[in-house]
Amino acid sequence: MPVGQPDIRAGRLEAEAYAKNFSDLHPPLSPHEALVEADRCYFCYDAPCTQACPTSIDIPLFIRQIQAHNPKGAAETIFEQNILGGMCARVCPVETLCEEACVRNLAEDKPVKIGFLQRFATDAMMAAGEQPFERAAPSGRRVAVVGAGPAGLSCAHRLAMRGHDVTILEAREKPGGLNEYGIAAYKTPEGFARKEVDFLLKIGGIAIETGKALGRDVTLDSLKADYDAVFLGLGLAGVNALGAEGEDASGSADAVGWIAELRQTVDLSSLPVGRRVVVIGGGMTAVDAAVQSKLLGAEEVTIVYRRGPEAMKASGFEQELAQTKGVTIRHWAKPKRLIAEDGHVAGIELERTREEAGRLVGTGETFALAADMVFKAIGQTFVPAAIDGAAEALAIEAGRIRVDEERRTSLAGIWAGGDCIAGGEDLTVAAVEDGKVAAESIHRALMG
């Protein structure tokens with residue numbers, strides 16, 4: 001193992017390289033390209049693509065509207081079901097959802113580019129500065145939404161449409177949640193997350209109070225007393241630990257926090273990164289951390305995952321993206337200990353793994369990778385501390401809030417959605433659906 005000072009520094013690249021590296025991962029379709037792609041759709045009567053969409057967007061309809069030179073009409077079709085359709089067009093794993101279901105795969109193994117077409121339509125309406133929805137007559141009812149992430153924003157918008165007054169309480173300095181703090185910068189450049197929040201707020205009737213955390217600044221009991229209904233879109237605030245020796249050494253960090261720092265860094269040349277980076281995990285966060293480390297100028301970046309590629313939560317597209325950006329993926333290995341020198345990470349010792357009767361076991365064979373930085377991306381957890389002080393306890397299932405099919409919690413007047421609920425899919429599009437479903441349930445409850 002190499003000995004010496006850790007090689008972590010900023011400014012590894014020329015100034016212009018940062019702008020190029022973090023530019024739009026997928027440049028938008030031109031109008032002509034959108035028409036050509038729309039012509040490939042069969043407009044299936046049973047629409048397997050729509051069935052595969054968690055928010056049930058009428059995909060054949062919006063593509064036909066694009067074909068008819070009506071992108072704004074297409075955008076309205078999308079936004080009716082998914083008010084965050086612009087972001088979802090950029091970050092949704094369409095290759096495992098709508099595009100995987102596309103019947104074009106049967107003959108060509110080349111689906112219609114539904115995600116690109118969705119972006120084409122939604123970008124057109126947002127660029128025009130239009131808001132396609134109007135508020136209903138004021139209901140006189142007030143709803144508190146805790147968390148300005150995808151679930152909370154979706155819920156707030158639908159409630160505002162129904163005429164209710166909504167106050168969103170957000171613990172961070174900016175609204176957007178995962179979209180603002182947790183997604184790779186090259187997927188949502190030029191402040192798109194903030195632009196989408198501004199677009200959503202044009203409906204009116206929604207106030208956002210930032211710096212307001214549940215359990216610190218407000219309590220669940222006080223919200224129940226002050227509002228007619230409460231929606232919890234708390235997300236996942238905790239990060240799983242490796243449980244490995246040495247993980248508290250300097251240079252070891254959670255990938256979620258680092259990505260959030262990167263997303264809020266105006267000058268990326270000022271953000272330090274190691275020359276050799278190792279990321280532990282197999283999901284989207286691991287890929288985002290690894291690829292962005294490479295784009296910041298890290299020379300050697302390795303993702304280490306305990307099982308094979310088919311078990312990784314990151315899609316095949318994301319795995320391929322990492323590899324094409326120069327990231328090495330090492331499968332069938334788990335962390336044993338972080339090797340520290342003078343209190344700082346110098347490398348990581350890993351044990352090779354295999355499956356026996358469906359169980360993952362260590363083989364006893366170990367190897368080491370040199371590293372200046374090690375990122376942990378092995379999942380997040382719900383932190384119930386914010387709701388622990390309530391007079392009545394919310395029911396918890398598998399470490400998250402238990403809800404029914406309408407996203408009602410065990411306590412009357414409180415709904416929940418997004419990553420904080422049991423059975424959540426940890427996807428932006430799934431969180432949007434949770435918020436929408438909860439909002440309609442809240443509306444029915446408030447209006448009797």
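- Two residues are said to be in side-chain contact when any heavy atoms from C-beta on lie closer than 4.5 Å; L271 and L262 meet this criterion.
- Listed by first and then second residue, the ring pair (Phe, Tyr, Trp, His ring centres under 6.0 Å) pairs that reach into residues 349-387 are W258-F375, sequence neighbours excluded.
- Listed by chain and number, the residues in a side chain to side chain contact (heavy atoms under 4.5 Å, CB included) with A19 amount to none (sequence neighbours excluded).
- In this structure, D288 does not pair ionically with K325, as no charged nitrogen and carboxylate oxygen lie closer than 4.0 Å.
- Scanning both residues, I303 and G281, for their nearest heavy atoms gives CG2-O, 3.2 Å.
- The two residues D372 and I8 have their closest heavy-atom pair at O-CD1, 3.3 Å.
- Between the side chain of T409 and the main chain of A416, no donor-acceptor pair closer than 3.5 Å is present.
- Environment of CD in E108: crowded, with over 12 heavy atoms of neighbouring residues, nucleotides or ligands closer than 6.0 Å.
- The shortest side-chain heavy-atom distance between R400 and C420 does not fall under the 4.5 Å cut-off.
- The two residues I378 and A241 come nearest to each other via the heavy atoms CD1-O, 3.3 Å.
- Listed by first and then second residue, the salt bridge (charged side-chain N to carboxylate O under 4.0 Å, His left out) pairs involving residues 239-253 are E247-K376 (not counting sequence neighbours).
- Using a distance-only test at 3.5 Å, with no hydrogens or angles considered, a donor-acceptor pair links the side chain of T96 to the main chain of P93.
- Contact check for D342 versus S250: no side-chain heavy atoms found under the 4.5 Å cut-off.
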Side chain to side chain contact (heavy atoms under 4.5 Å, CB included) assessment of K436 paired with S154: CA-CA 6 Å; K436 181 178 71 178; S154 172; 3.9 Å; yes
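- With 3.5 Å as the limit, one finds no donor-acceptor pair spanning the side chains of Q81 and E433.
- Using a distance-only test at 3.5 Å, with no hydrogens or angles considered, no donor-acceptor pair links the side chain of R306 to the main chain of T353.
- Taking the side chain as every heavy atom from C-beta outward, L360 and R354 never approach each other to under 4.5 Å.
- Note: I78 CD1 to C88 SG = 10.5 Å, rounded to the nearest 0.5 Å.
- For the pair L338 and G246, the tightest heavy-atom approach, listed with the atom from each and the gap, is CB-O, 3.6 Å.
- In this structure, the side chain of Y305 does not engage the main chain of I280 through any donor-acceptor pair within 3.5 Å.
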Verdict with reasoning, M312 to E318, per side chain to side chain contact (heavy atoms under 4.5 Å, CB included): CA-CA 10 Å; M312 293 180 70; E318 291 290 333; over 6 Å; no
Candidate pair R337 and I348, rule side chain to side chain contact (heavy atoms under 4.5 Å, CB included), full reasoning: CA-CA 6 Å; R337 69 183 179 101; I348 182 169; over 6 Å; no
Criterion side chain to side chain contact (heavy atoms under 4.5 Å, CB included) on E170 and R172, from CA distance to verdict: CA-CA 6 Å; E170 167 56 42; R172 293 187 190 246; 3.2 Å; yes
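- Each salt bridge (charged side-chain N to carboxylate O under 4.0 Å, His left out) pair with one or both residues in residues 76-95, not counting sequence neighbours, appears once here: R90-D123.
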Audit row: R12, D7, salt bridge (Lys or Arg N to Asp or Glu O under 4.0 Å) steps and yes/no: CA-CA 11 Å; R12 290 187 175 277; D7 189 352; 2.9 Å; yes
Only distances under 3.5 Å count here; give the side-chain donor-acceptor pairs of residues 198-216 to other protein atoms, sequence neighbours excluded, each with its distance to 0.1 Å.
from, atom 1, to, atom 2, distance (Å)
D198, OD1, R194, NE, 3.1
D198, OD1, R194, NH2, 2.9
K202, NZ, G129, O, 3.1
E209, OE1, K212, NZ, 2.8
R216, NH2, G211, O, 3.1

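- A salt bridge does not link E33 to K113: none of the charged nitrogens lies less than 4.0 Å from a carboxylate oxygen.
- Listed for the D434 side chain is no donor-acceptor partner under 3.5 Å among the backbone atoms of R407.
- Side chains of T219 and D221: a donor-acceptor N/O pair is absent below 3.5 angstrom, by distance only.
- Between F120 and H26, the ring center distance fails the sub-6.0 Å criterion.
- In this structure, H344 has no ring-ring contact (aromatic ring centres under 6.0 Å, His included) partners at least two apart in sequence or on a different chain.
- Annotation: the span from E180 atom CD to E173 atom CD amounts to 10.5 Å, rounded to 0.5 Å.
- Of the possible polar contacts, none joining the Q380 side chain to the A237 backbone as a donor-acceptor pair under 3.5 Å is found.
- Summarising the geometry, atom OH belonging to Y18 is positioned 8.5 Å from atom OG belonging to S270; distances are rounded to the nearest 0.5 Å.
- Contact detail for P150 and L178: the closest heavy-atom pair is CD-N, 4.3 Å.
- In this structure a side-chain-to-backbone donor-acceptor pair under 3.5 Å is present from T50 to I59.
- No donor-acceptor distance shorter than 3.5 angstrom exists from the side chain of R263 to the backbone of A185, with no hydrogens or angles considered.
- In summary, E349 and K336 do not engage in a salt bridge, as defined by a charged side-chain N under 4.0 Å from a carboxylate O.
- Of all heavy-atom pairs spanning A193 and N179, the tightest one is CB-O, 3.5 Å.
- For the pair E355 and R307, the salt-bridge criterion is met [side-chain N within less than 4.0 Å of a carboxylate O].
- The backbone N or O of F79 sits nowhere less than 3.5 Å from a side-chain atom of N82 that would complete a donor-acceptor pair.
- Atom OG1 of T188 and atom CG of D24 lie 8.5 Å apart (nearest 0.5 Å).
- A donor-acceptor pair under 3.5 Å is absent between the side-chain atoms of Q65 and the main chain of P71, judged by distance alone.
- Atoms CG and CG, from L268 and L13 in turn, are 10.0 Å apart once rounded to the nearest 0.5 Å.
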